[in-house]
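Residue numbers start from 1 in every chain, and the chains themselves are labelled A, B, ... in the order their sequence lines are given, proteins ahead of strands. Remember, predicted model here, so these are calculated numbers, not experimental data.
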Amino acid sequence: MRRRQIVLSLAGLAGAAAFTLGLGAWRTRNRSVHNPLLPLPLTSMDWRLINHVGQEVTPADWRGRPAMVFFGFTYCPDVCPTTLLDIADWLEALGPDADRLTTALISVDPERDTPDALANYVSHFDPRIIGLTGSVGATARAAADFRVSFKKEPAGDGDYTMNHTAGVFLFHANGQFASIIDFHEDRRFAVPKLRRILA
Amino acid sequence: MKNTVLALSLLFAAPMAQACETFTIGDISVEHAWSRASIGTDRPGVLYLEITNNGTTDDALTGLTTPAASMPMLHETVVTDGIASMPHAASVPVPAGQTVVLSPGGFHGMLMGLTNVLKEGETFPITLTFEQAGSLDVSVDVLSMRVEAAACDDAK
């Protein structure tokens, strides 16, 4: 009689534990194991943008190539030219290997950065840099996939600048996120990071 | 009006000989003043320079005026938790005995409302206002878009 009670209560406990675990698993079923602060793998991203020559681009178009992606805007006098100059410098340091790399600037200011505006801007730095833009919604979608934040900041007289994540994201050819190059990071560290995704 | 236009065109056509000239007022000297060539006039231009305070009193750069832009402002690029912002700087401190550099990724002048396209090889004047030393006229070299520092032999 007593033994039966013990067996039953143990079974009850086991059942409750199984239920709790099962509930936990069910509730997190859609949550990836991914670190929420780092970009998704390119293969899990779901954005659709327009490049500086007016063609639609999705992450699937970058399949099989390592990629270097950063966010910015062309009405930015300091950070973005600095980043673009750094990138042009790294591409030069990589030599012909840089041709195997997809290098893209995603605009956080789609209102002013039309494909044409991007075209006449990126061409001044390196012809291998692709400019990407889209609707505000499409931009927000891409930013969310890269875990990038951006915000409009009034700058007087109805003008504005954009606050935005300044790092450069690197991805392996299989789309896995590899590393970040911080704003204005020394090329002694940046170029080896790029060589690793090209290896 | 004609005179203004003439004066402006002379200013913009000033020879680039003073490329690395040093400008001085009181204890303050300014050198390596440069900007980048602009694409059109819609996007803001930039101003970088070096200020040395040779005196024993702290000073500060508090303002900019130039015929090259209708709204020149001082800004500082700040990267916090990976996010770059560009807050307006009311002034740039220039402590006694120190050199302060306005350079890519830090303090810079933001030239909003460009009145002309900034062309590589040209110069334009800018008046810097210091809290203590007063106003100083400086000539700014417009360098290529692909330059990251002033093109002087002694530039850092």
Side-chain angles (χ1 to χ4, degrees), chain A residues 37-38 70-89 92 108-109 112-114 116-126 146-169 180-185 187, chain B residues 34-49 63-64 66 68-90 92 101-114 117-120 140 142-149:
Chain A
L37 297 174
L38 296 177
F70 60 106
F71 286 72
F73 65 112
T74 77
Y75 281 67
C76 142
D78 185 52
V79 180
C80 306
T82 303
T83 300
L84 279 159
L85 287 167
D86 284 346
I87 284 173
D89 185 45
E92 205 175 304
V108 292
D109 184 12
R112 291 184 294 200
D113 285 336
T114 60
D116 280 351
L118 281 173
N120 83 12
Y121 193 78
V122 294
S123 64
H124 284 86
F125 296 93
D126 190 298
F146 284 92
R147 309 303 191 223
V148 157
S149 66
F150 65 100
K151 186 174 150 248
K152 202 185 247 191
E153 190 75 30
D157 264 13
D159 218 319
Y160 64 92
T161 68
M162 302 296 300
N163 297 347
H164 63 90
T165 304
V168 177
F169 303 106
I180 293 179
I181 302 176
D182 286 326
F183 174 61
H184 225 15
E185 188 168 322
R187 82 182 254 173
Chain B
W34 64 283
S35 179
R36 288 200 182 104
S38 70
I39 308 170
T41 55
D42 287 347
R43 297 183 178 93
V46 78
L47 169 72
Y48 300 118
L49 43 77
L64 309 171
T66 174
S70 61
M71 201 168 70
M73 296 168 88
L74 290 167
H75 281 267
E76 183 181 15
T77 294
V78 180
V79 181
T80 312
D81 296 333
I83 297 175
S85 59
M86 212 174 53
H88 171 64
V92 178
V101 183
L102 277 64
S103 63
F107 279 117
H108 57 275
M110 179 167 169
L111 310 177
M112 295 175 80
L114 288 179
V117 176
L118 301 179
K119 291 194 186 121
E120 183 178 345
V140 181
V142 181
L143 306 179
S144 148
M145 273 191 83
R146 301 202 46 167
V147 159
E148 286 191 86

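- If you take NE2 on B:His75 and SG on A:Cys76, they are separated by 11.5 Å, rounding to the nearest 0.5 Å.
- For A:His124, the parts lying near chain B are the backbone and the side chain together; criterion is any non-hydrogen pair under 4.5 Å.
- Screening B:Arg43, B:Met110, B:Arg36 against A:Pro77 for a side chain to side chain contact (heavy atoms under 4.5 Å, CB included) leaves a single residue, B:Met110.
- With a 4.5 angstrom heavy-atom cutoff, B:Asp81 does not touch chain A via any of its atoms.
- Using a 4.5 Å cut-off between heavy atoms, A:Thr161 contacts chain B through its side chain alone, with no backbone atom that close.
- Neither the backbone nor the side chain of A:Thr83 comes within contact range of chain B; no heavy atoms are under 4.5 Å apart.
- Within the 4.5 angstrom heavy-atom criterion, atoms from both the backbone and the side chain of A:Tyr75 approach chain B.
- The distance from atom CG of B:Leu47 to atom CG of A:Asp78, rounded to the nearest 0.5 Å, is 11.0 Å.
- The two residues B:Arg146 and A:Phe125 make their nearest non-hydrogen contact at NH1-O, 2.5 Å.
- Looking at B:Val79 and A:His184, their side chains never come closer than 4.5 Å, going by heavy atoms from C-beta outward.
- To the nearest 0.5 Å, atoms CE (B:Met86) and CE (A:Met162) are separated by 11.5 Å.
- The closest side-chain heavy-atom distance from B:Val46 to A:Pro81 is not below 4.5 Å.
- Interface remark: A:Asp182 contributes no atoms to any contact with chain B (heavy atom separation under 4.5 Å).
- Residue B:Ser103 touches chain A through its backbone alone, counting heavy-atom pairs closer than 4.5 Å.
- What you find for B:Pro104 and A:Thr82 is that their closest heavy atoms are CB-OG1, 3.5 Å.
- Considering all non-hydrogen atoms of both residues, B:Ile83 and A:Ser149 come closest at CD1-OG, 3.0 Å.
- Of the two parts of B:His88, neither the backbone nor the side chain holds a non-hydrogen atom closer than 4.5 Å to a non-hydrogen atom of chain A.
- Across all their heavy atoms, B:Ile39 and A:Asn120 have their closest contact at CD1-O, 3.5 Å.
- Neither the backbone nor the side chain of A:Phe150 comes within contact range of chain B; no heavy atom of the residue lies under 4.5 Å from a heavy atom of that chain.
- Chain A forms more heavy-atom pairs under 4.5 Å with one residue of B:Gly109, B:Gly45, B:Gly105 than with any other, namely B:Gly105.
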